[in-house]
Amino acid sequence: MASPSESSTAPRVPERPTLDGLEAKWSAVWEADGLYRFDRSREDVFSIDTPPPTVSGSLHVGHVFSYTHTDAVARYKRMRGMEVFYPMGWDDNGLPTERRVQNHFGVRCDPSVPYDPDFQPPEEADAKEPVSISRPNFVELCLRLTESDEQAFESLWRTLGLSVDWSMTYTTIGKLAQRISQRSFLGLLERGGAYQLEAPTLWDVDFQTAVAQAELEDRERPGAMHRVRFAGEGAGEALIETTRPELIPACVALLAHPDDPRHSALVGSEVLTPLFGTRVPVMSHPAVEQDKGTGLVMVCTFGDLTDVMWWRELGLPVRSVLGPDGRLLEVPWGEPGWESDDLERAREHYGELSGRTINQARRRIVELLEASDDLIGEPQPVNRAVKFFEKGERPVEIVTSRQWFIRTIEHREKLLERGRELQWHPPYMRARFEDWVNGLTGDWCVSRQRFFGVPFPVWYPIDAAGAILYDQPIAASAEQLPVDPSTDVPDGYDASQRGQPGGFAGDPDVMDTWATSSLTPQIAGQAGEDPELFAKVFPMDVRPQAHDIIRTWLFSTILLSQLDYEELPWRNAAISGWVLDPDRKKMSKSKGNVVTPIHLLEEHGADAVRYWAANGRPGTDTAFDAQQMKVGRRLAVKLLNASKFALADLPAPGQELTHPLDRALIARLARVVGEATDSFEAYDYARALERAESFFWWYCDYYLELVKGRRYDPGPEVSASVSLALRVSLSVFQRLFAPFLPFVCEEVWSWWQEGSVHRAQWPEAQELAAMAADAGAGAGSKNAEARREAVALEVTAEVLSEVRKAKSQARRPMRAPVERVVVHDTAERIDALELGAGDLRLAGAIEALESTVDEEFAVEVELAPDKG
RNA sequence: GGGCGCGUAGCUCAGUGGGAGAGCGCUCGCUUCACACGCGAGAGGUCGCAGGUUCGAAACCCGCCGCGCCCACCA
């Protein structure tokens with residue numbers, strides 16, 4: 001603990017302390033001093049896997065909220081003597097940036113275009129006629145646009161007071177991130193952890209890319225249920241219900257539950273699809289739900305994931321009608337797989353659908369079914385949840401395509417085990433992880449048919465006939481990384497062989513953005529680049545993040561760490577909640593209720609905004625509340641003024657706490673420090689703040705008022721003890737609040753201490769307790785005496801409160817003199833009150849203080865007559 | 001339908017076996033020598049509902065209701 005009594009320089013307290021300008025003043029000093037610079041020579045490292053915010057627009061108040069939580073913990077750990085590894089990353093990789101660049105510059109990425117080193121974007125962006133440019137040129141524009149965003153973000157974070165080491169900033173599209181992502185992928189490929197497959201894949205028809213299960217969300221959409229007749233032979237007709245009649249040409253079977261008596265006669269027979277006359281078998285499967293629709297379900301390739309399951313399990317053929325652009329394909333009627341009992345009719349009907357979008361085709365086929373009398377009754381409107389790509393605008397479809405996958409399903413048990421090893425804060429968040437892992441239905445599809453991302457570092461040979469040999473990928477060599485196979489050339493080939501028979505072709509895809517951001521511990525720690533650093537920081541101590549991305553970011557980081565290192569990437573996961581608007585809805589741009597952080601910081605000050613954020617308990621969603629920021633500002637102002645009072649012209653401190661109330665105060669403070677420390681150790685910053693804050697207000701309202709008389713006493717024998725107690729308590733409060741209110745704490749600390757409060761040692765409960773006890777009564781009766789003193793502080797404060805109440809009710813000023821006070825209380829408390837009687841008389845302006853033993857606590861107050 | 005969380009004063013929330021609390025807001029008062037960006041006081045609640053365990057339940061158990069999130073649900 002710092003020794004305030006030994007401070008050499010006299011405190012320099014401003015005449016009128018203010019919060020104004022503290023952010024600019026101290027953030028400049030911190031930067032100049034390199035206060036938060038990571039010192040890699042230190043042993044006790046505390047490493048943080050900072051979430052890199054998406055650089056696609058602006059930071060919002062939710063970011064301020066959760067990053068403040070992390071910063072409070074970082075500052076606490078630093079004061080505990082840990083060397084904190086606290087980098088910042090920018091997630092500039094991915095779709096949001098692509099979209100901005102396309103609109104901003106009027107360009108379109110075409111991976112087949114060669115790189116033009118002298119390329120300049122068009123003067124005037126024309127979104128209607130975008131210029132086609134190569135992937136490297138496109139990426140350069142993405143980088144140019146994100147750079148200015150990143151500067152704005154950094155400036156905001158500095159104003160908020162994040163104690164980040166800005167010399168360690170990384171981006172998820174930077175060369176380092178690309179190298180690490182590609183190296184990780186090549187390792188997986190070599191060990192068989194990644195594979196390529198032509199398979200039914202979740203597909204967004206607008207972006208024309210594969211998407212992963214984790215990127216889906218449900219949206220309620222109106223639809224209609226159609227009852228449709230399939231003609232049968234002998235056993236009669238079959239009725240099914242469907243919301244997707246446009247997939248009837250893609251129907252490959254009808255299914256019934258094996259125990260369903262209504263359809264048992266049909267099972268094993270064949271029926272004809274309406275309009276197209278294709279023969280499809282009627283089969284049974286236990287997953288069919290008898291109480292849905294007619295109990296007969298149409299299996300198409302592919303309407304949904306259940307179709308994929310049935311198709312796979314029953315070995316059904318593929319009859320694909322949907323193209324990657326969301327329109328119905330031309331199909332070869334009459335060829336294998338496209339048989340019909342009436343080819344002419346099938347061709348005619350399908351011709352009405354071919355080339356149309358899904359919605360157009362659906363409307364048209366309903367008309368055709370009505371005309372052919374195969375639609376039974378009117379379509380019934382229904383609302384049902386439909387799967388969307390979370391950034392998409394039309395439902396996801398299932399399209400067969402060639403994609404890269406990372407083996408996930410087979411590691412399920414191991415992942416659950418890792419989830420149990422991880423310390424979750426709060427602990428119940430683990431359930432979300434387990435639910436997700438248990439609900440996985442397939443391996444992780446990591447390839448995306450996009451541009452601004454990390455390319456797959458592979459090429460494929462082209463045989464003499466011009467066919468690309470996807471099953472013989474040519475991996476980039478370690479020295480080549482990072483590579484862009486759309487412009488770089490594999491070893492043993494030259495550029496002229498690109499796309500030629502006997503030559504090579506680059507893999508055109510990029511990795512899922514989560515595949516890169518799931519390597520943030522490796523990127524920040526420079527895995528494979530700086531082995532010494534990586535060994536120091538990995539596994540990291542904590543991953544802070546919000547609960548909505550447990551299934552994506554948290555899950556895939558654990559997965560990749562397991563696959564690459566067979567261990568957890570971090571020991572703790574600190575899960576923050578969301579910021580809700582006052583209507584309890586999640587704040588988001590689309591709802592138009594976002595409050596910009598810059599405005600907040602300007603209006604309330606960084607400490608006040610941080611105070612509000614730090615009140616949000618771990619994992620708990622918190623309502624946006626400007627009122628709480630005002631409370632935070634009050635606390636900061638109070639700290640300024642209490643510090644001014646305690647330090648201004650303070651008499652010389654003694655060596656010992658000779659007064660019982662001073663000892664009791666320090667003893668209580670020791671308990672508060674203990675609680676705050678325990679809370680921080682459990683990542684409960686909110687509780688640490690709450691404990692420190694509520695005691696601080698009590699300290700200001702009661703202790704400071706009680707000791708004012710002694711503090712102003714000119715006799716050093718009277719003021720020495722209180723002077724010491726004020727210095728000790730003030731020093732503790734300034735440090736307790738430093739993780740939450742870094743600016744005001746640094747300010748008041750600078751009035752009387754050397755160095756930064758943020759590198760000062762966190763207060764020790766044990767030392768404070770010992771200080772209070774050592775100065776106490778002689779050996780043998782220490783416990784009894786300490787208890788008597790604790791009671792004394794308590795009773796003295798309670799009596800003062802009663803005296804105030806009497807004055808308030810008499811509408812008299814607080815300094816109004818009191819002729820006589822009679823305290824009724826138990827013998828123990830009256831005995832203890834003696835210890836505080838002197839301070840109490842001064843604080844309450846009490847002439848005569850008397851007491852009488854009684855069961856009930858009561859205070860009689862006789863005010864002096866009002867002379868006014 | 002399954003999982004998790006939540007339900008305490010007008011608002012935001014703390015409280016996990018014994019006294020129902022804090023801050024804000026509201027009302028009243030006080031220029032008080034650190035602070036009017038202040039200080040003091042007051043009003044305000046059958047702790048979602050109904051059972052159970054217990055000497056004792058806001059808290060523990062069961063059921064229900066309501067809200068939120070995640071997952072499943074496209075026949």
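Here is the naming used below: chain letters follow the sequence lines, and residue numbers restart at 1 for every chain.
The separation of B:G3 from B:C73, taken at their C1' atoms, amounts to 15 Å, rounded to a whole angstrom. Comparing B:G18 with B:A59, their P atoms sit 11 Å apart, to the nearest whole Å. B:U53 and B:A58 have their P atoms separated by 16 Å, with the value rounded to a whole Å. Nucleotides B:C13 and B:C28, compared at atom P, are 29 Å apart to the nearest Å. Between the P atoms of B:A22 and B:U54, the separation comes to 34 Å (whole Å). One P atom belongs to B:U8, the other to B:C67, and the distance between them is 14 Å to the nearest Å. Using atom P as the reference point in both B:U46 and B:C35, the two lie 42 Å apart (nearest Å). The gap from the C1' atom of B:G42 to that of B:A9 amounts to 14 Å, rounded to the nearest Å.
Between B:G23, B:C74, B:C73, one nucleotide has an atom nearer to the side chain of A:D304 than all others, and that is B:C74. Listed nucleotides: B:A75, B:A41, B:C24. Nearest to the side chain of A:S801: B:A41. Listed nucleotides: B:U12, B:A75, B:A41. Nearest to the side chain of A:V297: B:A75. Of the candidates B:C69, B:C35, B:C74, B:C35 carries the atom nearest the A:N641 side chain, counting heavy atoms from C-beta on. For A:V631, the listed nucleotide lying nearest its side chain is B:G23; candidates were B:G23, B:A41, B:G3. Out of B:C74, B:A14, B:C4, the shortest distance to the side chain of A:A431 is found at B:C4. Nearest nucleotide to the A:R551 side chain, out of B:C71, B:C33, B:A75: B:C71. Of the candidate nucleotides B:A41, B:G23, B:A75, B:A41 has the atom lying nearest to any side-chain atom of A:K805. Nearest nucleotide to the A:Q627 side chain, out of B:C24, B:A14, B:C74: B:C24. Of all nucleotides listed (B:G42, B:A14, B:C35), B:A14 comes nearest to the side chain of A:R617.
B:A75 atom P lies 15 Å from atom NE2 of A:H263, rounded to whole Å. Remark: C1' of B:C69 and OH of A:Y428 are 10 Å apart, rounded to the nearest angstrom. Rounded to a whole Å, the CZ atom of A:F696 is 13 Å from the P atom of B:G38. Atom CH2 of A:W751 and atom C1' of B:C35 are 11 Å apart (whole Å). The CH2 atom of A:W612 sits 22 Å away from the P atom of B:G23 (whole-angstrom rounding). Atom-to-atom, NE2 of A:H547 to C1' of B:G68 comes out at 9 Å; the value is rounded to the nearest Å. A:Q290 has its CD atom 19 Å from the P atom of B:C73, to the nearest Å. Atom CG of A:L255 and atom P of B:C74 are 13 Å apart (whole Å).
Residue A:D701 is classed as a sugar-phosphate contact, given heavy-atom separations below 4.0 Å to backbone atoms only. Residue contacts shown for A:M225 are limited to sugar-phosphate atoms, with no base heavy atom under 4.0 Å away. Residue contacts shown for A:M814 include a base, since a base heavy atom lies under 4.0 Å away. Across all strands shown, A:E289 has heavy atoms under 4.0 Å from base atoms, whether or not it also approaches the sugar-phosphate. If you check every strand for non-hydrogen atoms under 4.0 Å, A:R221 touches nothing. Contact annotation for A:T620: no contact, since no heavy-atom pair falls under 4.0 Å across all strands. A:V13 comes within contact range of no nucleotide atom at all, as no heavy-atom separation falls under 4.0 Å. Within 4.0 Å (heavy atoms only), A:K708 reaches at least one base atom of the nucleic acid. Backbone-only engagement by A:L296 is indicated by non-hydrogen atom pairs under 4.0 Å involving sugar-phosphate atoms exclusively.
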Are A:E693 and A:Y611 close enough, and set up right, to give a side-chain hydrogen bond (donor to acceptor under 3.5 Å, both in side chains), and what steps lead you there?
CA-CA 10 Å; A:E693 185 197 7; A:Y611 170 88; 2.7 Å; yes
Does A:W752 form a side-chain hydrogen bond (donor to acceptor under 3.5 Å, both in side chains) with A:Q734? I'd like the steps, not just the answer.
CA-CA 11 Å; A:W752 65 311; A:Q734 290 175 356; 3.0 Å; yes
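Note that the CG atom of A:N615 and the OH atom of A:Y685 stand 9.5 Å from one another [nearest 0.5 Å]. Taking CZ from A:F743 and CG from A:L22, the interatomic distance works out to 8.5 Å, rounded to the nearest 0.5 Å.
A:D607 places a side-chain N or O within donor-acceptor distance of the main-chain N or O of A:V744, the cut-off being under 3.5 Å.
Proximity of the aromatic rings of A:F645 and A:Y699 is defined here by a centroid distance below 6.0 angstrom, and this criterion is not met.
Mapping A:V637 and A:D625 onto RNA chain B via the closest heavy atom, the residue that lands nearer the 5' end is A:D625. Between A:D20 and A:G439, it is A:D20 whose nearest contact on RNA chain B lies nearer the 5' terminus.
In this structure, A:R804 is positioned above the aromatic face of A:Y702, its NZ or CZ under 6.0 Å from the six-membered ring centre and within 45° of the axis.
For RNA chain B, if you chain together Watson-Crick or G-U pairs that step i with j, i+1 with j-1 and so on, the runs of at least three with distances under 3.5 Å are B:1-7 with B:65-71, B:10-13 with B:21-24, B:26-30 with B:38-42.
Residue A:L600 comes nearest to A:V609 through the heavy atom pair O-CG2, 3.8 Å, listed as atom of the first residue, atom of the second, then distance. The heavy-atom pair separating A:A642 from A:C700 by the smallest distance is CB-SG, 4.1 Å.
Ring planes of A:F624 and A:W612: perpendicular class, angle over 60° (limits at 30 and 60°).
Between A:K630 and B:G23, a side-chain N or O to OP1/OP2 separation shorter than 4.0 Å is absent. For the pair A:R804 and B:G29, the criterion of a side-chain N or O lying under 4.0 Å from OP1 or OP2 is not met. At least one side-chain nitrogen or oxygen of A:K638 sits closer than 4.0 Å to the OP1 or OP2 atom of B:C39. In terms of phosphate contacts, A:R634 brings a side-chain nitrogen or oxygen within less than 4.0 Å of OP1 or OP2 of B:C24.
For the side-chain hydrogen bond (donor to acceptor under 3.5 Å, both in side chains) with A:H824, the lone residue among A:E855, A:E860, A:E856, A:R829 that qualifies is A:E860.
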